[in-house]
Amino acid sequence: AGAAAAPPPRQCKLDPKSELRVEVPPDAPLRVRLVAGTAEIFGTELPPEGWVPIPPRSKIAIFTWHGATLELDGVTESEYPSEETPMVVYVNTHAILDARRARARAAAAQGGDLEASQGPRVIVVGPTDSGKSTLCKMLLSWAAKLGWKPTYVDLDIGQGSITIPGCISATPIEKPIDIVDGIPLEMPLVYFYGHPTPSINPDVYKVLMKGLAKTLERQFSGNAESRAAGMVINTMGWVEGLGYELLLNAIETFKANVVLVLGQEKLWKMLKDAVQSKPNIDVVKLQKSEGVVLRNSKHRQKTRSFRIKEYFYGIANDLAPHSNIVNFSDISVYRIGGGHQAPRSALPIGAEPVADPTRLVAVNISTDMIHTVLAISYAKEPDEIISSNVAGFIHVTDVDIQRKKLTYIAPCPGDLPSRLLIASSLTWYEA
Ligand code: ATP
């Protein structure tokens, strides 16, 4: 009987304050059209006319404040309406943040100090699949719709939404996030960690957070508009042990003043107690949506792989990456944090070996690099690599030891913008 035929286009009427939850399969297209009323997908309004293609693998909710009629055309893995959503609570949170932005802008206009003119720095925390990335998108899109240009900071190296996994990054959001294209990628500020989990080298993760925060701080001090709009910071779903410690570190490093805790009472209580002594931080507990789709570790691994593919091939598989060859002698590859400590024999008598977790280690190019991602550093000198952001990524497709040549694909043609590359444990296998 083969695959089920696509169902005919169908209409769905939504009551006010309800949403239609839809899961799109990996290989079949779906499009959605607003027939009547108004509706939004994670904070971005559906256009009043025309079909909107929904990217494969998306799991979305089409929410309406005042009621809507939708038309769906294509295959879904599931589609069902729900009236139980935390949207009212989320939009109220947005209203409070909006008032703080207005206050910061007013203070700036009156020549207020950096403190008074700083808008909300919101950090969203919670266990995996609590809807953190989704809440971030909504808060950003609602703010952008009102004309603010908040900065999105993504610290989630496992399931980040700005660029490929293994990175922490930031980008200004100047208009509601596009339903099809996602977060705008014109000028993201990206720091490369190179692994999908922070436990491999938490010290490097912390140093990179510091670097990103410092750069943003500098940008904010010269830009009252971004400063007043503030930040929305997405975090990892690892909230215990080291994960918890890194969350506290992130709150401090980015000087977050609003902590939104999704769906976990215990985490909320712990964070509230932890920041008690700091009068300027509000720790707020928010209900999570039942619509958030649970993803197991295999699914997460798959999504990571797709994110890497998307970087080179485009979301709709519409880009063609460029293949290129470089001589080993034209590039230098480094790894941040070798973990290798100096041998005792190399130390002065009596000194204990200390591993420097942020040490830079030169890496020999080998066939082990095939299928891995390398980042292109903006650093001028190797010792600047850890404090520099990256220009982009290449994917190694072949290493010829005999001829000393490395073949890679890159999203753009032409020579590499820098000869300094950073190795990673991120892999992607072309199917
Ligand atoms: P992680 O910790 O893994 O990064 P998260 O807490 O950030 O997860 P999200 O990425 O926001 O969780 O949500 C998980 C998935 O559920 C996403 O694919 C998202 O689009 C989907 N989702 C979120 N809210 C809804 C909803 N109300 N209806 C349907 N799908 C939803």
Side-chain angles (χ1 to χ4, degrees), residues 154 157 160 162-171 184-196 201 204-205 207-216 218-219 307-314 319-338 356 358-401 403-428:
D154 199 343
I157 49 180
I162 298 183
T163 181
I164 69 164
C167 299
I168 62 169
S169 48
T171 193
L185 288 178
E186 284 93 54
M187 275 304 283
L189 190 56
V190 182
Y191 285 74
F192 193 57
Y193 172 74
H195 317 283
N201 201 332
V204 172
Y205 184 74
V207 170
L208 296 177
M209 282 204 288
K210 245 194 212 128
L212 177 58
K214 209 170 131 195
T215 305
L216 290 176
R218 203 172 46 231
Q219 292 180 351
R307 296 284 304 173
I308 299 176
K309 182 180 177 197
E310 262 172 33
Y311 176 81
F312 295 102
Y313 287 88
L319 303 178
H322 300 262
S323 188
N324 233 326
I325 299 176
V326 282
N327 297 317
F328 288 4
S329 57
D330 290 335
I331 53 175
S332 308
V333 187
Y334 290 90
R335 189 176 53 204
I336 307 173
D356 176 2
T358 63
R359 201 163 69 101
L360 199 66
V361 184
V363 185
N364 286 327
I365 299 173
S366 74
T367 49
D368 292 350
M369 260 177 212
I370 300 175
H371 303 305
T372 70
V373 170
L374 304 178
I376 309 159
S377 179
Y378 272 124
K380 299 252 170 356
E381 299 297 331
D383 61 0
E384 293 170 358
I385 285 180
I386 192 159
S387 57
S388 301
N389 54 321
V390 300
F393 311 94
I394 61 173
H395 181 248
V396 182
T397 51
D398 193 29
V399 171
D400 186 334
I401 298 289
R403 294 197 177 79
K404 296 198 183 332
K405 284 182 191 297
L406 179 146
T407 311
Y408 65 89
I409 56 168
C412 319
D415 290 341
L416 293 172
S418 157
R419 54 171 292 138
L420 298 180
L421 304 176
I422 313 171
S424 81
S425 63
L426 302 166
T427 51
W428 171 62

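Values reported hereafter were calculated over all heavy atoms of this structure, with side chains retained and with hydrogens, waters and symmetry mates removed.
Residues Tyr191 and Ser388 have side chains that never bring a donor and an acceptor to within less than 3.5 angstrom of each other.
Counting heavy atoms from C-beta on, the side chains of Pro188 and Thr163 never come closer than 4.5 Å. Within the 4.5 Å cutoff, the side chain of Val373 has no heavy atoms near those of the Ile394 side chain. Counting heavy atoms from C-beta on, the side chains of Asn327 and Lys404 never come closer than 4.5 Å. Taking 4.5 Å as the limit, every side-chain heavy atom of Ser323 sits out of range of all side-chain heavy atoms of Tyr408. Put simply, the side chain of Val396 reaches to within 4.5 Å of the side chain of Leu406, judged on heavy atoms. Between Leu421 and Tyr334, every side-chain heavy-atom pair lies at or beyond the 4.5 Å cut-off.
Taking both residues in full, the closest heavy atoms of Val363 and Ala423 are given as CG2-CB, 4.4 Å, listed atom of the first, atom of the second, then distance. Closest heavy-atom contact between Leu426 and Gly194: CG-O, 3.6 Å. Here the closest non-hydrogen pair linking Asn201 and Ile336 is ND2-O, 4.2 Å. Between Pro184 and Thr171 the shortest heavy-atom distance is O-OG1, 3.8 Å.
Rounding to the nearest 0.5 Å gives a distance of 12.0 Å between CG of Asp330 and CD1 of Ile325. Within the model, atoms CG of Leu212 and CD1 of Ile168 stand 5.0 Å from one another, a figure rounded to the nearest 0.5 Å. Between the CD1 atom of Ile331 and the CG atom of Leu374 there is a distance of 7.0 Å, given to the nearest 0.5 Å. Going from atom CG of Leu420 over to atom CD1 of Ile376 covers 11.0 Å, rounded to the nearest 0.5 Å. In this structure, His195 NE2 and Ile157 CD1 are separated by 8.5 Å, a value rounded to the nearest 0.5 Å. Rounding to the nearest 0.5 Å gives a distance of 8.0 Å between CD1 of Ile385 and OG of Ser332.
In this structure, Asp400 pairs ionically with Arg403, as a charged nitrogen and a carboxylate oxygen lie closer than 4.0 Å.
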Check against side-chain contact (heavy atoms from CB on, under 4.5 Å), Met369 and Val333: CA-CA 10 Å; Met369 260 177 212; Val333 187; 3.9 Å; yes
Derivation of the side-chain contact (heavy atoms from CB on, under 4.5 Å) call for Asn389 and Thr215: CA-CA 10 Å; Asn389 54 321; Thr215 305; over 6 Å; no
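Legend: residues meeting side-chain contact (heavy atoms from CB on, under 4.5 Å) with Thr397, ordered by chain and number and at least two apart, are His395, Thr407, Ile409. Under the ring-ring contact (aromatic ring centres under 6.0 Å, His included) criterion, Tyr205 pairs with Tyr193, sequence neighbours left out. In terms of the side-chain contact (heavy atoms from CB on, under 4.5 Å) criterion, Leu319 has no residue partners (sequence neighbours excluded). Every residue meeting the side-chain contact (heavy atoms from CB on, under 4.5 Å) condition with Val207, not counting sequence neighbours, appears here in chain and number order: Thr358, Ile386. Considering only residues two or more places apart in sequence or on other chains, Asp415 meets the side-chain contact (heavy atoms from CB on, under 4.5 Å) condition with none of them.
For residues 366-387, no residue pair satisfies the side chain to side chain donor-acceptor pair (under 3.5 Å) rule, not counting sequence neighbours.
A centroid separation of less than 6.0 Å is found between the aromatic rings of Phe393 and Phe192.
For Asn324 (side chain) and Gly414 (main-chain N/O), a donor-acceptor pair under 3.5 Å exists by modelled atom type.
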